[in-house]
Amino acid sequence: MSPKSGTPKKNLMLFSGRSHVELAEEVAKSLNVTITPQTLHSFANGELYVRYEESVRGSDAFVLQSFSPPINEWIMEQLIMVDALKRGSAKRITVIMPFYPYSRQDKKHKGREPISARLIADLFKTAGADRILTVDLHTAQIQGFFDGPVDHLHGQNVLADYINEHYGDNNITVVSPDSGRVRLAEKWAQQLGDRPIAFIHKTRDPDKPNQAVANRVVGNVENRLCVLIDDMIDTGGTITKATEALLEGGASDVVVASTHGILSDPAAERLANSRAREVIVTNSLPIPEEKRFAKLTVLSIAPLLARAIQEVFEDGSVTSLFDGSA
């Protein structure tokens, strides 16, 4: 008996949680699709409910959620969305998390600590995710926590293009806020035209989160425009102290560039009052009006996410988006 042949039809469907609908709408516009309608609400006791208004059977589903406060509620919401897709017989489920939650808890610093970044990966795998698409992980090793493909996009490209366009004619030194980010600074320096690098030697007490002491500048920054880079800005303490250290070390000016603008209080106030010339972040996380200030520039990563989604959907090469080759 001969097998029956068929004509498989691929169907891209985009879904959005409630944390950053603006970004999802930008991505949908770039893809020329609409966000799949859904019923999604919270019960009085905080439990979440989701139901999709269209059939998802056989679809290539992409679920976008950004993890701003309340971060744990948004994680749970995306997990439930993935579970609903699995039970609705979606063919493949790709979780899009522009900012990977709990990424700073990627290893044990002391005994009896969790590795929460691994737990997040396990939760999404158990819920039914086949693939994760994320931007600028805190550490690259997190890619190995998920048992499946992880597309690690570089928001640095979006930021570097802006720096080249607006500051490319200056004598630039790329500065890492600590010794652990020197490799990232090297990549930035190459992308900005083989610029010199420097870093801030600092100390941090593991018992006091979000507190660091900038000690001294290692490298030549005198009379140079310093591009101070990091993957995220949380409370802004590290960045503002590093800015002061650079200016005291003779830098002519400081421009801050970071992919993820978490901006927990009092970050906006600190950065607004800092001596940095400009603070550049992406919209990987929603930044409400009350956290915006005059020297803040927010760049969109929606085109980058849309291109990655298109490549995944068409079984193309996501790698080609950031190194120019497949």
Side-chain angles (χ1 to χ4, degrees), residues 17 19-20 23 63-79 82 94-110 113-127 129 131-159 176-185 187-188 202 204 206-212 228-239 256-264 267 281-287 301 304-305 308 318 322:
S19 66
H20 200 355
L23 177 59
V63 191
L64 194 155
Q65 181 83 299
S66 291
F67 298 115
S68 56
I71 184 169
N72 296 319
E73 180 174 344
W74 299 141
I75 291 171
M76 193 66 194
E77 181 176 276
Q78 193 174 26
L79 286 167
V82 169
T94 300
V95 166
I96 305 172
M97 44 176 76
F99 172 68
Y100 191 100
Y102 289 88
S103 60
R104 284 172 284 188
Q105 298 182 41
D106 63 312
K107 58 184 175 293
K108 292 176 67 172
H109 297 278
K110 297 179 179 180
E113 284 185 344
I115 303 180
S116 304
R118 170 60 192 264
L119 175 62
I120 292 295
D122 289 344
L123 286 170
F124 278 98
K125 186 65 179 179
T126 301
R131 190 181 195 108
I132 287 179
L133 194 154
T134 189
V135 181
D136 284 351
L137 289 167
H138 188 60
T139 54
Q141 71 190 44
I142 294 173
Q143 295 176 80
F145 292 174
F146 182 74
D147 186 16
V150 176
D151 298 307
H152 185 198
L153 305 182
H154 298 334
Q156 166 195 335
N157 296 347
V158 177
L159 296 166
S176 167
D178 55 49
S179 58
R181 296 267 158 215
V182 171
R183 289 294 302 275
L184 178 62
K187 293 178 181 179
W188 267 89
K202 72 176 185 179
R204 185 186 293 274
D207 294 325
K208 296 179 180 179
N210 300 116
Q211 292 186 32
L228 182 58
I229 56 99
D230 209 348
D231 65 312
M232 66 177 76
I233 302 175
D234 193 351
T235 60
T238 296
I239 291 296
V256 176
S258 178
T259 303
H260 308 298
I262 302 173
L263 304 184
S264 303
V281 299
T282 76
N283 64 344
S284 64
L285 291 164
I287 301 176
I301 59 167
L304 175 66
L305 293 176
V318 177
F322 48 81

[Y] and [X], any side-chain heavy atoms less than 4.5 Å apart:
X: N72; Y: Y102; result: yes
X: M232; Y: R104; result: yes
X: S68; Y: H20; result: no
X: D231; Y: R181; result: yes
X: L263; Y: V281; result: no
X: V150; Y: F145; result: no
X: V135; Y: S284; result: no
X: I301; Y: L153; result: no

Nearest 0.5 Å, please: how far is [atom2] in [Y] from [atom1] in [X]?
X: R131; Y: F146; atom1: CZ; atom2: CZ; answer: 9.5 Å
X: Q105; Y: E113; atom1: CD; atom2: CD; answer: 8.0 Å
X: T282; Y: L159; atom1: OG1; atom2: CG; answer: 6.5 Å
X: T134; Y: I142; atom1: OG1; atom2: CD1; answer: 8.0 Å

Check: Is a donor on one side and an acceptor on the other found under 3.5 Å between the side chain of S19 and the backbone of Q65?
Finding: no

### Query
Is it the case that more than 12 heavy atoms not belonging to K125 sit under 6.0 Å from its NZ atom?
yes

Check: So, S264 and D234: side-chain donor and acceptor under 3.5 Å apart, yes or no?
Finding: yes

(message) Using side-chain contact (heavy atoms from CB on, under 4.5 Å), reason through Q156 and L184 one step at a time and then give a plain yes or no.
(response) CA-CA 9 Å; Q156 166 195 335; L184 178 62; 3.7 Å; yes

